[in-house]
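Please read these numbers as outputs of a predicted model, since none were measured by experiment.
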Amino acid sequence: MNASATARTGRIKARRAARGSGVEYAARAGLTARGVIYLLVGVLALRIAFGDGKKQADRNGAVAEIAQQPFGAVLLWALAVGLVGMALWRLSEACFGSAGPDGRAAKKRLLSAGRFVFYAFVAYSVLSFAAGSGSGGKGSSDQQSRDVTAKVLDLPAGQWIVGAAGAGIVVAGLLIGGRAVLRKYHKKLKLGQMSARTRRLVDVTGVGGGAARGLVFAAAGCFAVRAAIDYEPARAKGLDDTIRSFAHTPAGPWLLVCVAAGLVLFGLFSFAMARWRRV
């Protein structure tokens, strides 16, 4: 067997492994872990809306909330393992393509690569917390956003970079919300295995949750653009400050309640995806 044949055989075996049951379990564990985080962030945001603003409504706040529960250490390790599974699933998609007729398209594989980097970082931060060497990341999401923005603004063309990144986040948020409202996620679900009632419930969580998530992304992007225009890193906001900002709109705290409830719905939608998503 020559070298090219050996390499081809190796690629075939790797592709089969990427589509095997191990990766499927990793994906479903990862979606479940994502659901837990969004569910807790939504609950923390609801507490803020009703006057309890002591905790951060972001990933760090969610991790800290888990740690305070009975068997918190075990739960944190389980969450970390799920997030590692999510990262590995996205890596397999980046390398071999995802489910669906256009799953091997370059655009989708590039998106999966970006998601792999993101979830690898999230998994690392939770693992650090679980191991006692961190706090779910270095500081709150708000401080992280300000620090990163300040460093980028100091670079040549830093204002343009921050502004472009912020605009990209705004566009991503609008796409996330728009695709949720149009129920584009139906293409990824095993609809034939779901009853009519289950589909309706999933649509409630998918549309409401996706719209709220998209709105939060878009708002965070707007703050980044404002930071670039004003050359002021303090204008940038992380997840917690972005969520809190909804209470200062003309709609008042009730808009924050709606957004928080939407994030809870997205957490529930992630659980549904863990059960019925095509992997």
Side-chain angles (χ1 to χ4, degrees), residues 32-70 72-73 75-80 82-83 86 118-151 166 169 173 176 209 212-224 226-227 232-249 252-268 270:
T32 301
R34 185 184 73 176
V36 170
I37 291 175
Y38 269 98
L39 184 64
L40 289 176
V41 169
V43 170
L44 291 170
L46 282 171
R47 289 183 183 177
I48 292 171
F50 291 110
D52 181 5
K54 297 179 181 179
K55 296 184 178 180
Q56 298 284 319
D58 57 13
R59 185 183 69 251
N60 294 342
V63 170
E65 189 73 12
I66 292 173
Q68 294 174 3
Q69 305 306 311
L75 295 174
L76 275 180
W77 280 107
L79 181 68
L83 291 168
M86 175 71 94
F118 173 75
Y119 281 109
F121 169 77
V122 174
Y124 172 77
S125 68
V126 176
L127 282 168
S128 296
F129 189 99
S133 60
S135 58
K138 297 180 180 179
S140 69
S141 62
D142 305 315
Q143 188 60 51
Q144 291 172 15
S145 296
R146 289 190 288 268
D147 290 345
V148 170
T149 302
K151 290 178 181 178
I169 295 172
I176 289 171
R213 182 174 178 241
L215 180 59
V216 171
F217 269 72
C222 288
F223 288 123
R226 180 68 182 275
E232 179 52 66
R235 296 283 190 184
K237 296 182 185 295
L239 180 58
D240 179 67
D241 272 353
T242 299
I243 289 173
R244 291 173 188 267
S245 69
F246 290 109
H248 304 301
T249 63
W254 290 110
L255 179 57
L256 174 55
V257 170
C258 291
V259 171
L263 294 176
V264 170
L265 288 176
F266 188 78
L268 297 175
S270 294

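The minimum heavy-atom distance linking A224 with G166 is given by the pair CB-CA, 3.7 Å. In this structure, I37 and A62 approach most closely via the heavy-atom pair O-CB, 4.1 Å. The two residues E65 and L40 come nearest to each other via the heavy atoms CG-CD2, 4.4 Å. The heavy-atom pair separating A130 from L76 by the smallest distance is CB-CB, 4.1 Å. Taking every heavy atom of both residues into account, A45 and A57 meet most closely at N-CB, 4.0 Å. Contact detail for A212 and L263: the closest heavy-atom pair is CB-N, 4.0 Å.
L239 CG to Q144 CD: the interatomic distance, rounded to the nearest 0.5 Å, is 11.0 Å. One distance of note links CG of L79 with CD1 of I66; it measures 4.5 Å at 0.5 Å rounding. Interatomic distance, N60 CG to L44 CG, rounded to the nearest 0.5 Å: 11.0 Å. Here the CG atom belonging to L83 is positioned 9.0 Å from the CZ atom belonging to F118, to the nearest 0.5 angstrom. Between the CZ atom of R146 and the NZ atom of K237 there is a distance of 8.0 Å, given to the nearest 0.5 Å.
Listed for the E232 side chain is a donor-acceptor partner under 3.5 Å among the backbone atoms of A234. Judged by distance alone, the side chain of D142 and the main-chain N or O of D241 form a donor-acceptor pair under 3.5 Å.
Of the charged side-chain nitrogens involved, at least one lies within less than 4.0 Å of a carboxylate oxygen, so that R244 and D240 count as a salt-bridged pair.
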Exercise. Go through S125 and F129 one step at a time and tell me if the side chain to side chain contact (heavy atoms under 4.5 Å, CB included) criterion holds.
Key: CA-CA 6 Å; S125 68; F129 189 99; over 6 Å; no
Self-check item: Residue pair F223, S145: steps toward the side chain to side chain contact (heavy atoms under 4.5 Å, CB included) verdict
Solution: CA-CA 10 Å; F223 288 123; S145 296; over 6 Å; no
Exercise. Could you go through the side chain to side chain contact (heavy atoms under 4.5 Å, CB included) check for L39 and F266 one step at a time?
Key: CA-CA 7 Å; L39 184 64; F266 188 78; over 6 Å; no
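Using a 4.5 Å cut-off on side-chain heavy atoms (C-beta onward), F217 and T242 make no contact. Residues V36 and L75 fail the side-chain proximity criterion, which asks for heavy atoms closer than 4.5 Å.
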